[in-house]
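The block underneath contains the structure these notes are about, expressed in structure tokens.
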Amino acid sequence: MKYKRILLKLSGESLMGGQPYGLSTDVLASYARQIRAVAESGVQLAIVIGGGNIFRGLSGVNRGFDRVKGDQMGMLATIINSLALQSALESEGVKARVLTSIRMEPIGEYYSKARALECMRAGEVVIVGGGTSNPFFSTDTASALRGVEVEADVMLKGTRVDGVYTADPEKDPAAVRFDEISFDEVYARGLKVMDLTAFTLCKENRLPVIVFDMDTEGNLGKVVAGEKIGTLVHE
Ligand code: UDP
């Protein structure tokens, strides 16, 4: 395997599968199988999951919710997703531990870098729920932060799109995918890989990011093995 320790970001929205809301057990099972295969090869995994399938702070604002409370609701949504993935992993026979950025024992232990590393070194898959614990941030930023903290070799951003394109491929059929691209070029072209807070954290700490399609089963293993699928964003 090319990478020894990875930070995997899963979007909450992907967990819906074909449904309009909530959790698809098929998607969870597919993710769990892919994660098991990678974990069994000895790769250390920390995972951060979004909450967009349940609640996003910003969309709450449009419906009259206070932003801070909306963001807190979003962070709680990431915990729900973390528990769902933990359960799916355990069904696959994978030891998985939920650490939370917000104290909420016994649902999960309070996150610290030391605890995360201890669990990963003991062969457990670590899921960090609760985002950064702060409003006005995203789970992409939480992923970048945890990735830098646990000294991951790479941040893998698993999405429905198979990489970074010159334009939004769902709107522009002429859009072309990059195999690799520098942080500076992403910025100069105004491409939306992640929000700028997350992006800057990765750039400033030299954490490479690979954007890939996690919904095609087997892709996670390929990316970790170093196969050139998706788009590598690097220095
Ligand atoms: N959130 C937050 N702080 C964080 C991480 C997440 O306030 O550090 C909230 C925010 O409201 C966000 C929601 O949690 O909209 C769900 O996360 P995100 O939108 O990143 O999920 P995804 O798009 O990956 O499903």
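Counting starts at 1 for both ligands and their atoms, following the listed order.
- When the options Phe136, Phe65, Phe137 are ranked by their closest heavy atom to atom 2 (C) of ligand 1, first place goes to Phe137.
- Only the backbone of Glu13 comes within 4.0 Å of ligand 1, judged by heavy-atom distances.
- By the 4.0 Å heavy-atom criterion, Pro135 is counted among the residues contacting ligand 1.
- Looking at Asn134 against ligand 1, only its backbone comes within 4.0 Å, counting heavy atoms.
- Remark: ligand 1 and Asn53 share no N or O pair separated by less than 3.5 Å (distance only, no angle test).
- Among all protein heavy atoms, the one lying closest to atom 19 (O) of ligand 1 is Arg56 NE, 3.0 Å.
- In the hydrophobic clustering, Tyr165 connects to Val161, either directly or through intervening members, whenever side-chain heavy atoms lie under 4.5 Å apart.
- Remark: ligand 1 and Asp140 share no N or O pair separated by less than 3.5 Å (distance only, no angle test).
- Using a 4.0 Å cutoff on heavy atoms, Gln72 does not count as a contact of ligand 1.
- Atom 10 (C) of ligand 1 has as its closest protein heavy atom Asp71 OD1, 3.3 Å.
- A cation-pi arrangement is found for Arg146 relative to Tyr111, the charged atom lying closer than 6.0 Å to the ring centre and inside a 45° cone about the ring normal.
- Here Ala142 has no heavy atoms under 4.0 Å from ligand 1, in either its backbone or its side chain.
- Residue Gly51 holds the heavy atom nearest to atom 21 (O) of ligand 1 of all those in Gly70, Gly51, Ala198, Gly12.
- Between the side chain of Ser11 and the backbone N or O of Ser14, at least one donor-acceptor pair lies under 3.5 Å.
- Alongside Val61, the hydrophobic cluster contains no other residue (criterion: ILVMFWY side chains under 4.5 Å).
- Taking only nitrogen or oxygen atoms, main chain and side chain alike, Gly57 reaches within less than 3.5 Å of ligand 1.
- Ligand 1 has an N or O atom lying under 3.5 Å from an N or O atom of Thr132, backbone or side chain.
- If you look at Met73 next to ligand 1, there are no close heavy atoms at all, none under 4.0 Å.
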